[in-house]
Visitor: 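Dumping the structure here so I can ask a few things about it.
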Amino acid sequence: MPSELNTDFLIIGAGFSGLVAAHQLSQAGWKCVVVDRRNHLGGNAYDGYDAAGVLLHHYGPHYFRTNSPRIVEYLSAFTEWREVAYTIKSHVQGRLWSFPINLNTYEELIGRAAESEEFQEWLERNRLPIESPQNSEEVILSQVGHQLYEMFFEGYTMKQWQRHPRELDRSVCGRIPIRTNRDDRYLTENFQALPKAGYTKMLEKMLDASPSVQLFLNMDAAEARAKWNYKYLIFSGAIDDFYQKKFGPLPYRSLRFEPESFTAGQLAERQKLLGENAAPDGFWQTAMQINYPEQNVPWTRIVEIKHATGQQIDATTIVREYPKDWTPDDEPFYPVPTLESQAIYRRYQELATAEQNVTFIGRLATYRYYNMDQVTGMALTASQNLIQRFGTQL
Ligand code: UDP
């Protein structure tokens, strides 16, 4: 039965991409309905307080960063920022290493002080002469050689993707910077900050500033498409779902999160036990994130996000991440960029490009390992194109 409910735009997915598009279209006077199959907005950036009172990123750490002043300016209408120099460590051979690889890592490797020039020469001698790296193994070997690749990348990548780095696009390990100075920040972008009150609050504010937008939770795409008459569809779900997997399923990786909370008393006990290796008061580990590349540990990383949020609270929560293949019971977190999956994606993309009244945005709909700022940029551009095409309703 065709429904009596009408909207201009139906937007599937209330994550960054769907909400940004809805906000922009609403500014142009268009009526939008946004639906999400989960019981909350924000997609995987959704955050909130756990039973211990700790502000957690429910779907793994989301470290906002960007080089785009336009995106900072846009999001700043909905949040203040807390600047954070995201720093992490890697746990290898029973000890912590400075990571991403930088001059400190080299000093830890050779057990004495060194200068940048020495490390550069070491890298020249050890790196493999691969002119245009074709995959994630080559991209790291061409920069640092076998020893550091095997210590920090090979095992982690095998665990995270259940594929060898040589099967993965170069952009996967290529995301990680390698430096010969002492800059040990995990990320390189010039703006690195978290929304002060969290992502959920920021996105709620964006929605509040979108008067002609209605949000419906716990509703999947099929139900929404049957329920509303709409002029145009914006889809931010998985593209193979949109086309009923007619060219076969695209692979996704997922994660299982295992949170563990500690009271102030438990943290004080732990401090006594660990002595000089202990974390500062109120923390369980010495860094916001510790990576575990070795295969004999089943998790890839332990994140204690309180280091980054700066929340003033005695308790803390750490979260261990266990990678797994996506099944219909999981959230799909990562597209898997192999040659094979790219070939399947291109077939879907061809259909997507030919659609007259559907736009595909976001990590899942474009099958790209995009960060939050890139997704925001994509949604801004897509909605501006739509406003150019359809004009405004003001
Ligand atoms: N990676 C690695 N060792 C590390 C950290 C990252 O081999 O210690 C590789 C791994 O393949 C990972 C990719 O680099 O999936 C990207 O890492 P990032 O931390 O950006 O992943 P995300 O936070 O998006 O899961």
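Predicted model, so just to flag it, every value in this text is computed and none were measured. One is the number of the first residue; the rest follow in order along the sequence. In listed order, ligands and their atoms are each counted from 1.
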Visitor: Touching ligand 1 at all, R301? Heavy atoms, strictly under 4.0 Å?
Guide: yes
Visitor: Identify, by atom number and element, the atoms of ligand 1 in contact range of N291, meaning under 4.0 Å from any of its heavy atoms.
Guide: 4 (C), 5 (C), 8 (O)
Visitor: With a 4.0 Å cut-off on heavy atoms, is C173 in contact with ligand 1?
Guide: yes
Visitor: Measure centre to centre between the rings of Y199 and F78, then say whether the value is under 6.0 Å.
Guide: no
Visitor: Can you find an N or O of P293 that's nearer than 3.5 Å to an N or O of ligand 1?
Guide: no
Visitor: F99 and ring-ring contact (aromatic ring centres under 6.0 Å, His included): which partner among Y106, Y86, F153?
Guide: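 One option only clears the test, and that one is F153.
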Visitor: Out of I290, I176, V303, I88, indicate the one that has the non-hydrogen atom closest to atom 6 (C) of ligand 1.
Guide: I176
Visitor: Can Q289 and H307 be counted as having a side-chain donor-acceptor contact under 3.5 angstrom?
Guide: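 Not at all, the side chains of Q289 and H307 share no donor-acceptor pair under 3.5 Å.
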Visitor: Compare Y369, W97, F99, Y156 and give the one whose heavy atom is closest to atom 21 (O) of ligand 1.
Guide: Y369
Visitor: State whether a side-chain donor-acceptor pair under 3.5 Å links D184 with N102.
Guide: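 Checked: D184/N102 side chains show no N/O donor-acceptor pair below 3.5 Å.
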Visitor: If we count only N and O atoms by modelled type, under 3.5 Å, do the side chains of Y334 and R363 hold a donor and an acceptor together?
Guide: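 Short answer, no.
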Visitor: Please determine whether any non-hydrogen atom of Y63 lies less than 4.0 Å from an atom of ligand 1.
Guide: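 Heavy atoms of Y63 never come under 4.0 Å of ligand 1.
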Visitor: H40 and Y59: aromatic ring centres closer than 6.0 Å?
Guide: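 When the ring centroids of H40 and Y59 are compared, they turn out to be within the sub-6.0 Å range.
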Visitor: For atom 3 (N) of ligand 1, what's the nearest protein heavy atom and its distance?
Guide: F152 O, 2.9 Å
Visitor: Only one of Y230, F9, Y348, F242 forms a ring-ring contact (aromatic ring centres under 6.0 Å, His included) with F235, so which one is it?
Guide: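 When Y230, F9, Y348, F242 are each tested with F235, the ring-ring contact (aromatic ring centres under 6.0 Å, His included) holds only for F242.
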Visitor: Looking at ligand 1, does any of its N/O atoms fall within less than 3.5 Å of an N/O of Y186?
Guide: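 Yes, there is a polar N/O contact under 3.5 Å.
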Visitor: Could you tell me whether ligand 1 has any atom less than 4.0 Å away from a heavy atom of F333?
Guide: no
